[in-house]
Engineer: 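Sharing a structure, written as structure tokens. Questions coming.
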Amino acid sequence: LASSAIGRSSAAPSREIRYRDSGLGLGVVLGEPTGFTGKWWMGSKRAIDFGVAFSFGNYVLFYADYLFHFPGAFRTPRGERFFAELSPYVGIGGTLLIATSSHSVNRMYFGTHTSAFGIGLRIPLGVEWMPIDPPLGVFFELAPGIGFVPATYAFIQAGIGVRYYF
């Protein structure tokens with residue numbers, strides 16, 4: 001019954017939800033770390049997310065993730081547009097860190113090692129609100145991960161951001 005109600009409400013022209021399936025989005029993310037972000041869509045359910053971020057003078061972080069989106073996952077029987085435009089996602093990616101200050105303040109990623117580089121794996125989990133007009137994406141993301149260079153360590157990154165899609 002709920003699925004038939006969803007089908008009827010999404011078929012009406014005034015309630016039709018279109019999902020982003022191509023294009024590039026650029027924007028900013030605030031959190032730890034804070035920086036610039038981009039997303040390249042490769043279909044309505046797959047995208048590559050990338051960025052460069054800064055951690056308050058301690059390091060520069062580069063990341064790239066392959067994301068799987070689930071558009072319409074929050075669609076309701078009443079057809080509320082806001083919930084239909086929310087798209088949860090999960091992905092897998094990598095991160096490269098370059099120290100910009102003393103290693104004593106970078107213990108989270110570098111431990112007691114003298115290396116100025118760190119490499120890790122991250123698993124971003126998030127939700128993005130993607131209205132078609134204006135072509136924005138507002139998102140919240142939590143990315144637990146594990147580093148394996150210069151040592152083995154666990155980390156959690158989180159941020160809220162916005163992208164404009166071209």
Side-chain angles (χ1 to χ4, degrees), residues 18-74 82-83 85-132 134-166:
R18 296 175 311 164
Y19 296 103
R20 202 159 276 112
D21 61 2
S22 65
L24 173 68
L26 298 174
V28 296
V29 60
L30 302 174
E32 180 57 29
T34 294
F36 301 102
T37 180
K39 184 182 271 188
W40 180 261
W41 285 91
M42 302 182 314
S44 64
K45 297 182 181 181
R46 296 175 297 123
I48 294 177
D49 177 33
F50 54 92
V52 59
F54 315 93
S55 181
F56 306 110
N58 293 327
Y59 59 86
V60 176
L61 177 140
F62 299 92
Y63 68 90
D65 306 309
Y66 188 82
L67 302 177
F68 299 93
H69 279 259
F70 304 94
F74 297 120
F82 173 76
F83 293 108
E85 292 173 339
L86 289 174
S87 180
Y89 61 87
V90 63
I92 188 160
T95 185
L96 169 68
L97 298 102
I98 302 171
T100 58
S101 66
S102 168
H103 299 301
S104 63
V105 296
N106 292 313
R107 290 192 188 276
M108 179 170 139
Y109 293 110
F110 300 100
T112 58
H113 295 270
T114 59
S115 175
F117 296 96
I119 298 175
L121 177 73
R122 52 184 251 141
I123 301 173
L125 309 164
V127 64
E128 187 168 6
W129 175 55
M130 296 183 294
I132 294 298
L136 295 176
V138 179
F139 64 94
F140 170 75
E141 180 175 279
L142 184 66
I146 185 164
F148 42 88
V149 172
T152 304
Y153 51 90
F155 61 86
I156 296 180
Q157 299 166 337
I160 186 167
V162 62
R163 294 184 194 97
Y164 181 83
Y165 288 97
F166 300 94

Engineer: Which distance, rounded to the nearest 0.5 Å, do you find between the CG of L67 and the CG of L125?
Structural biologist: 10.0 Å
Engineer: Quick one: are P88 and F74 in side-chain contact, heavy atoms under 4.5 Å?
Structural biologist: yes
Engineer: Minimum heavy-atom separation for P71 to K45, with atom names?
Structural biologist: CD-CG, 3.9 Å
Engineer: Looking only at heavy atoms, which two atoms of P150 and G118 are closest? And how far apart?
Structural biologist: CD-CA, 4.0 Å
Engineer: State the CG-CG distance between L97 and L61, to the nearest 0.5 angstrom.
Structural biologist: 4.5 Å
Engineer: Decide yes or no for I98 and F117: does some side-chain heavy atom of the first lie under 4.5 Å from some side-chain heavy atom of the second?
Structural biologist: yes
Engineer: Flag the pair Y165 / K39 as yes when at least one side-chain heavy-atom distance between them is below 4.5 Å, and no otherwise.
Structural biologist: yes
Engineer: Provide the full list of side chain to side chain donor-acceptor pair (under 3.5 Å) pairs with a residue in residues 88-98, sequence neighbours left out, each pair given once.
Structural biologist: Y89-E141
Engineer: Any chance you could measure L142, atom CG, to I123, atom CD1, to the nearest 0.5 Å?
Structural biologist: 11.0 Å
Engineer: CZ of F50: more than 12 outside heavy atoms within 6.0 angstrom?
Structural biologist: yes
Engineer: Going by heavy atoms in the side chains, are V60 and F62 under 4.5 Å from each other?
Structural biologist: yes
Engineer: Measuring from atom CG of D65 to atom CD1 of I92, what distance do you get when rounded to the nearest 0.5 angstrom?
Structural biologist: 9.0 Å
Engineer: Once salt bridge (Lys or Arg N to Asp or Glu O under 4.0 Å) is applied, what residue pairs with a partner in residues 152-166 remain, sequence neighbours excluded?
Structural biologist: D49-R163, E128-R163
Engineer: Does Y63 reach the side chain of T37, with side-chain heavy atoms less than 4.5 Å apart?
Structural biologist: yes
Engineer: Which heavy atom in F139 sits nearest to a heavy atom in V162, and how many Å separate them?
Structural biologist: CE2-N, 3.7 Å
Engineer: Can you give me the closest heavy-atom contact between Y153 and I119, atom names plus distance?
Structural biologist: OH-O, 3.6 Å
Engineer: How about S44 and H69: do any of their side-chain heavy atoms sit closer than 4.5 Å?
Structural biologist: no
Engineer: Under the ring pair (Phe, Tyr, Trp, His ring centres under 6.0 Å) test, which residues partner Y66, sequence neighbours left out?
Structural biologist: F68
Engineer: What's the shortest heavy-atom distance between V90 and F70, and which atoms?
Structural biologist: CG1-CE1, 3.9 Å
Engineer: Ring-plane angle category for F54 and F36, please: parallel below 30°, perpendicular beyond 60°, tilted otherwise.
Structural biologist: perpendicular
Engineer: At their closest point, which heavy atom of S87 faces which heavy atom of M130, and how far apart are they?
Structural biologist: CB-CE, 3.4 Å
